[in-house]
Amino acid sequence: MTTDTARARLLDDLNHGYERLHTAKEDAFWRAYMGTGDDPDAARKELDEKEIAWQGFLRDPASLARVEKELAEAKGALAAGSEGRVAADPDARIAAETNERVALEGWRATFAAHVIPSASARALADEIVEAEGRLARERASLQLTCDDGNGTQRPASSVELGVKLASDPNEAVRRSAWQGLRAIEPHVLAKGFLDVVRMRNRLGRELGGEDYYDWKVRRVEGLSKAEVFAWLDELEARTRDAARRGLDALRAKHGAKVTPWNARFLASGDVSNEQDPFFPFEKALERWGTSFSALGVRYRGAELVLDLVDRKGKYENGFMHGPVPAWREHGKLRPARIQFTANAIPGLVGAGRRATDTLFHEGGHAAHFANIDMPAPCFAQEYAPSSVAFAETQSMFLESLLRDADWQVLHARDLGGNALPDGLVEKAIERTQPLAAWGLRGMLAICFAERAIYELDDRELTAERVLAELRRVERELLFLDDGAPRPTLSVPHLLSGESSAYYHGYVLAEMAVEETRDFFLARDGRLADNARIGPDLERAYWQPGNALGFGALVERLIGRPLSARALATRVQRTVDEAREEARTAIRAARARGSAETPVALDASIRVVDGRETIAEARTAAEFDGACRAFEAWIGARARARRAGPA
C-alpha cells in the first residue's frame with residue numbers, strides 16, 4: 001500500500017468514524033434535552049453512553065500519534081517532490097494532497113484538544129459524564145413555582161420565571177420569580193454539583209491546568225484563564241463608573257425599590273411591555289427568514305429543525321447543535337443537519353421578543369456551522385478546538401440587529417400591520433442606555449463567580465462557602481446588597497459539562513460583535529437588510545471553521561486586532577448620543593425602505609413541538625406557507641393561554 005493510499009484510508013476512517021459517533025451522540029442529546037423519549041431516565045442514560053463513546057474516540061492518544069505520523073510523512077513527501085512521481089493531472093494531485101494535509105492538521109488540533117494521556121484520567125472523565133447526568137436529572141426534578149398574582153404559588157419553569165422577573169408589573173410576582181430562581185442554587189448544591197466541581201478540578205489539575213477552568217479555556221480557546229480574565233478585568237474597570245452612575249440614577253428615582261427583583265423591570269420593564277405587541281410570537285419565524293434572507297445569509301442546503309416552544313420535560317434554555325457537520329468530501333459539499341431550540345411561551349408577555357431573539361441568535365449559530373467548508377468534519381463541530389467566543393460572536397452579532405432602530409422601524413409590526421412608533425424606539429433608549437454598562441456587568445458577574453467556585457480548595461467547597469462567594473461577586477459587580485437579578489447557579493451553563501467554564505465566551509463575543517458592527521457601519525453605513533453582510537461573514541468568519549482561532553478570525557474581517565474599545569464606547573454613550581444615532585438610522589431606513597424580495601435561505605426547514613411537526617418548508621417556495629401554519633399554531637395556543645383553564 002502506498003503512503004498516499006494509507007493516508008487517504010486513515011482520513012476516511014477518521015472522517016466517517018467520527019461522523020457516526022457525533023451524529024449518534026447529538027441525536028441522543030436532542031431526545032434527552034427535548035424530552036421526546038418515552039422514558040426520561042433511559043434517554044439520559046443513552047446520551048451518557050453515546051457521550052462516553054464520542055469522547056473515547058477523541059481522547060485516544062493513539063489516534064493523535066497516528067495523525068502526527070501521517071502528517072510528518074505528508075510534509076516529507078511534499079519536500080521530496082510529491083514522492084518523486086509525476087501525476088497525470090498535477091493540479092488535481094496538488095489539490096488532493098493539500099486537502100489531505102489540511103484535514104490532518106484539523107484532526108491533529110482536534111485530538112490535541114481532547115486527548116487524555118493516562119487511563120486513570122480517562123476513567124475520571126467518564127465518571128464526570130455520569131455525575132453530570134445525575135445532576136441534570138436532579139435539576140430537572142426540581143419543581144419551581146411562582147406567585148400567580150393572587151397570592152397562590154403555581155408551577156413555573158425557569159424560563160417563565162425569567163420572563164416574569166423582567167416584565168411582570170406586579171412586584172410580588174417579580175419577587176416570587178426571583179426567589180424561585182434562587183431556589184435552584186441550594187438544590188443543585190445539595191444534589192451533586194459540589195462533587196462535580198471536585199471531580200472537574202481533579203481532572204483539570206491532572207491535565208496541567210491550575211484548575212478545571214484554566215484547563216478548559218486552554219483546551220477550547222487556546223488561552224490561559226489569566227489571559228481571558230485580563231480582558232474581562234479591563235471591561236470591569238472600563239464599565240465600573242458608568243454602571244454605578246446608572247444605578248445611582250435609578251435609586252435617585254425609585255429609592256429602596258432598586259432590588260434584584262425590581263432592577264430590570266424599573267430599568268425597562270414597562271417599555272418592554274409597551275413594545276411587546278410589535279414582536280408577536282406568531283410572526284417570529286417570518287421575521288427571522290425575511291431578515292436573514294435580506295442580509296444575504298444562506299444555509300447551503302442544510303436541514304434545519306426548530307423547536308421553539310416551552311413545555312414540561314424540555315431543557316430550559318435555547319441552544320443549537322449540529323448532528324451532521326458540514327464538510328467537503330472529494331470536492332463535494334456535504335450539507336449540515338442542524339437543530340435549535342427556544343423556550344418561548346405563547347400568550348405570555350415577552351414571549352414573542354424572546355422567540356425572535358432566540359431565532360436570530362441560534363439561527364446565527366446555524367448559519368455559521370452550515371457554511372463551514374473544509375475537508376473534514378472536525379472543522380465543523382461545535383466543540384474544542386472550536387472557539388466558544390467566536391461561535392457566540394456569530395449568534396450575538398445577528399441577534400444584535402433586533403435592538404437597532406432601523407431594523408425596528410422596518411420590521412417590527414403588530415398583528416394588525418402597524419409599525420412600532422418612533423416614540424417607543426426612543427423611550428427604550430432613554431430607559432436602557434443609562435444601565436447598559438450595568439447590564440454588561442451582569443454577564444461579567446457570572447464569569448467571575450464561576451471562576452471563584454473553581455478556585456476554592458476542596459476543603460472549602462461547601463454549599464455555604466460557595467453561596468457566600470457568589471453573593472460577594474454579585475455585590476461587587478452589580479452594587480446590589482441582595483445579589484444579582486439572575487442568581488448565578490440558575491444559569492444552566494455552569495451545571496452542564498459542555499458549557500461549563502464557558503460564559504466568558506459571551507463577554508468576549510460582545511467585544512467582537514461591536515467590532516464587527518463598527519466594520520460594517522463604517523463601510524456600508526447600515527446593518528439592517530444589508531445584503532453584503534452574509535457573503536462577507538461566509539468568506540471571512542464561517543468558511544474556515546476552527547482552522548483559525550478567535551482573534552485571527554475576527555481580524556480576517558475587521559483588519560485589526562480585537563479590542564474592548566468599541567464595546568466600552570457603546571455602553572458608555574449618553575442617552576442623547578444614542579438617541580441621535582437612532583434618529584439618523586431611522587431617517588436613512590425610511591429613505592431606502594425595506595427589501596421586498598422573496599425569502600431565500602437555501603435550507604430545508606421543519607418547525608416542531610417535540611414529536612409534532614408544526615410547519616415545514618422544504619424549498620424557498622414553501623416558506624410563506626410554513627409561516628402561515630406556524631402563525632396559526634402559535635396563535636391558537638396564545639389565545640388558549642389568555643383564556644385560562646376551561
Side-chain donor-acceptor contact under 3.5 Å, Glu210 with Ser224 = no

ask   = Is the closest side-chain heavy-atom distance between Tyr299 and Ile605 below 4.5 Å?
value = no

query = Pick from Asp609, Asn343, Asp307: which one makes a side-chain hydrogen bond (donor to acceptor under 3.5 Å, both in side chains) with Lys314?
reply = Asp307

ask   = Does a side chain donor of either Glu206 or Ser118 reach within less than 3.5 Å of an acceptor in the other side chain?
value = yes

task = For the residue pair Ser387 and Glu221, confirm or rule out a side-chain donor-acceptor distance under 3.5 Å.
result = yes

ask   = Ring centres of Tyr506 and His493 under 6.0 Å apart?
value = yes

query = Can we call the ring centroids of Phe390 and His368 under 6.0 Å apart?
reply = yes

query = Are Glu612 and Trp633 close enough that a side-chain donor and a side-chain acceptor fall under 3.5 Å?
reply = yes

inquiry  = In the structure I gave you, are the side-chain heavy atoms of Pro117 and Leu207 within less than 4.5 Å of one another anywhere?
reply    = yes

ask   = Is the gap between the ring centers of Tyr18 and Trp107 under 6.0 Å?
value = yes

Exercise: do Ser490 and Glu185 side chains pair donor with acceptor under 3.5 Å = no

request  = Quick one: sort the Trp288 and Phe340 rings into parallel, tilted or perpendicular, breaks at 30° and 60°.
outcome  = perpendicular

query = Above 12 or not: heavy atoms from other molecules or residues under 6.0 Å from CZ of Arg642?
reply = yes

ask   = Checking side-chain hydrogen bond (donor to acceptor under 3.5 Å, both in side chains) for the pair Tyr383/Thr110: CA distance, chi angles, key distance, verdict?
value = CA-CA 9 Å; Tyr383 307 101; Thr110 299; over 6 Å; no

ask   = Would His321 and Glu498 count as having a side-chain donor-acceptor pair, cut-off 3.5 Å?
value = yes

ask   = Any side chain to side chain donor-acceptor pair (under 3.5 Å) pairs touching residues 133-144, not counting sequence neighbours?
value = Arg139-Glu316

query = Does Arg353 make a cation-pi contact with Phe279, if we ask for NZ or CZ under 6.0 Å from the ring centre and within 45° of the axis?
reply = yes

message = Between Lys216 and Val220, is there a side-chain heavy-atom distance shorter than 4.5 Å?
response = yes

